[in-house]
Visitor: 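Got a structure for you, written out below as structure tokens; questions coming shortly.
These numbers come from a predicted model, not from an experiment. Every chain is numbered from 1, with letters handed out A, B, ... down the list of sequences.
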Protein chains: 2
Amino acid sequence: MNDTEPSAVPWLSADEQRAWRAFVRVHLKLSARMAADLQSHSGLSSADFEVLVAVTDVSEGRVRFQDLAKDLDWEQSRLSHQIRRMIKRDLVAREECEEDGRGAYVAISEHGRAVIEAAAPRHVRVVRRLVLDGLTAEEFAELGRLSAKLSDQIDRVETA
Amino acid sequence: MNDTEPSAVPWLSADEQRAWRAFVRVHLKLSARMAADLQSHSGLSSADFEVLVAVTDVSEGRVRFQDLAKDLDWEQSRLSHQIRRMIKRDLVAREECEEDGRGAYVAISEHGRAVIEAAAPRHVRVVRRLVLDGLTAEEFAELGRLSAKLSDQIDRVETA
DNA sequence: CGAATATAGATGATGTGACAACTAGTTCGG
DNA sequence: CCGAACTAGTTGTCACATCATCTATATTCG
């Protein structure tokens, strides 16, 4: 496994590989756990939850598709499919846009607001138990800092 | 962000929230980027890639479904569907199991081996450019350490 | 042995996500 | 104002994930 040839691309060292795998794994585990908890206790998928949070985040209680897609960093078509499904469950409603005939708003429904308000406290509790309680405040801050740095790096680098 | 209704939902402190969001976001970005790169340059999905890596990782070039599912931490049915699709594309083959009439092996195909060997170097390059190059060695090691610690925490905590 | 039970894996239904093609409304250059 | 280019959002298709259910073989135990 000691491939010290001067090839164009050095493989990862054992330590690097361990770190990389741990990094990948923790996200998979975490998102699986949180999604399962959310689903079983609130009947919401992670996607549902994200949408509801984003829509309730604005005071008007409704957002243009465009803006919502940008907030969530989702493709428009994904959002469109997602909203269609959420409308069927009366979590949000679609409202026509007066200023632009092409446009539309996604608006929180009464039921949707009730659901997200019921779900949020538990969600926070789960985040605390799974993540914050496992690290010191300094470690968690450092994790955030490294994540942000990495995020910038990813935005900066072209891979095409 | 506008906070017209602050009290209904106990959220995280502003710093905690920033860290948490950065942590979640970086995973989403990273997996999206890597999946897109893999797909466009090798014609493989992340799932395909994982399977091929796992199968070529063993010297025999074939693994029992059970063991593979365990390695990948996948549900059996997910693996079954995935392998069916991969067989259709001649990336792997199914081999009967002599010792256990119920069992089966997933075996790497010639074509599958060629594909994964062609894909791997670029994959490593992308990991380096997106992740390793953005952090110092110490930072990366710390990220790995924190990830592992978090992973343990997640395994330890019940959320049911 | 032979019935109950456990195990390996497959399958069908359903919901989700990415991508490309599409429709309809808007803007802009002439 | 008219048509070309642009923009907002929708839709179809296929890959993927989960769940419940199903088949066939193995094992266990009376």
Visitor: Relative to the ring of A:H27, is the ring of A:F23 parallel (under 30°), tilted (30 to 60°) or perpendicular (over 60°)?
Guide: perpendicular

Visitor: Ignoring hydrogens and geometry beyond distance, is the side chain of B:S45 in donor-acceptor contact with the base of D:dC16 at under 3.5 Å?
Guide: no

Visitor: Any salt bridge between B:R18 and B:D15, counting N to O under 4.0 Å?
Guide: yes

Visitor: Quick one: label B:Q39 by what it contacts on the DNA or RNA (base, sugar-phosphate, nothing), any heavy atom closer than 4.0 Å.
Guide: nothing

Visitor: Output the rounded distance in Å from CG (B:D67) to P (C:dA8).
Guide: 9 Å

Visitor: Does a donor on one side chain and an acceptor on the other come within less than 3.5 Å for B:H81 and B:R84?
Guide: yes

Visitor: Can a side chain N or O of A:Q66 be found less than 4.0 Å away from OP1 or OP2 on D:dT7?
Guide: no

Visitor: Take atom CZ of A:R25 as the centre, draw a 6.0 Å sphere, and report whether it contains more than 12 heavy atoms from other residues, nucleotides or ligands.
Guide: no

Visitor: Which residue lies toward the 5' end of DNA chain C, B:R94 or A:D100, if each is placed at its nearest nucleotide?
Guide: B:R94

Visitor: Under 4.0 Å between any heavy atoms, over every strand shown, what does A:R78 touch: base, sugar-phosphate, or nothing? Just pick one.
Guide: sugar-phosphate

Visitor: Going by ring centres under 5.5 Å and near-parallel planes (under 30°), is A:H81 stacked on C:dT16?
Guide: no

Visitor: How long is the line joining CZ of A:F65 and C1' of D:dT11, in whole Å?
Guide: 13 Å

Visitor: Among D:dG9, C:dT11, D:dA17, which nucleotide has an atom closest to any side-chain atom of B:S80?
Guide: C:dT11

Visitor: Parallel, tilted or perpendicular: which describes the rings of B:F49 and B:H123, with under 30° parallel and over 60° perpendicular?
Guide: tilted

Visitor: Tell me the interatomic distance from B:Q82, atom CD, to C:dG9, atom P, rounded to whole angstroms.
Guide: 16 Å

Visitor: Roughly how many Å is it from CD in B:E96 to P in C:dA8, rounded to a whole number?
Guide: 15 Å

Visitor: With respect to the side chain of A:S77, which nucleotide from D:dT10, D:dC19, C:dG17 is positioned closest?
Guide: D:dT10

Visitor: Can you check whether any acceptor in the base of D:dT7 is under 3.5 Å from a donor in the side chain of A:R102, or vice versa?
Guide: yes

Visitor: Looking across every strand, which nucleic acid part, if any, lies under 4.0 Å from B:Q76 by heavy atom: base, sugar-phosphate, or nothing?
Guide: base

Visitor: Check whether any side-chain nitrogen or oxygen of A:R64 sits under 4.0 Å from OP1 or OP2 of D:dG9, and answer yes or no.
Guide: yes

Visitor: Using whole Å, what does the distance between atom C1' of nucleotide D:dT10 and atom NZ of A:K88 come to?
Guide: 15 Å

Visitor: Less than 4.0 angstrom between a side-chain N/O of A:R85 and OP1 or OP2 of C:dT16, yes or no?
Guide: yes

Visitor: I need the CZ-P distance between B:R84 and C:dG9, as an integer number of Å.
Guide: 16 Å

Visitor: Can you measure A:I83 atom CD1 to C:dT16 atom C1' for me and round it to whole angstrom units?
Guide: 14 Å

Visitor: Would you kindly give the CD-to-C1' distance between B:E99 and C:dA8, to the nearest whole Å?
Guide: 13 Å

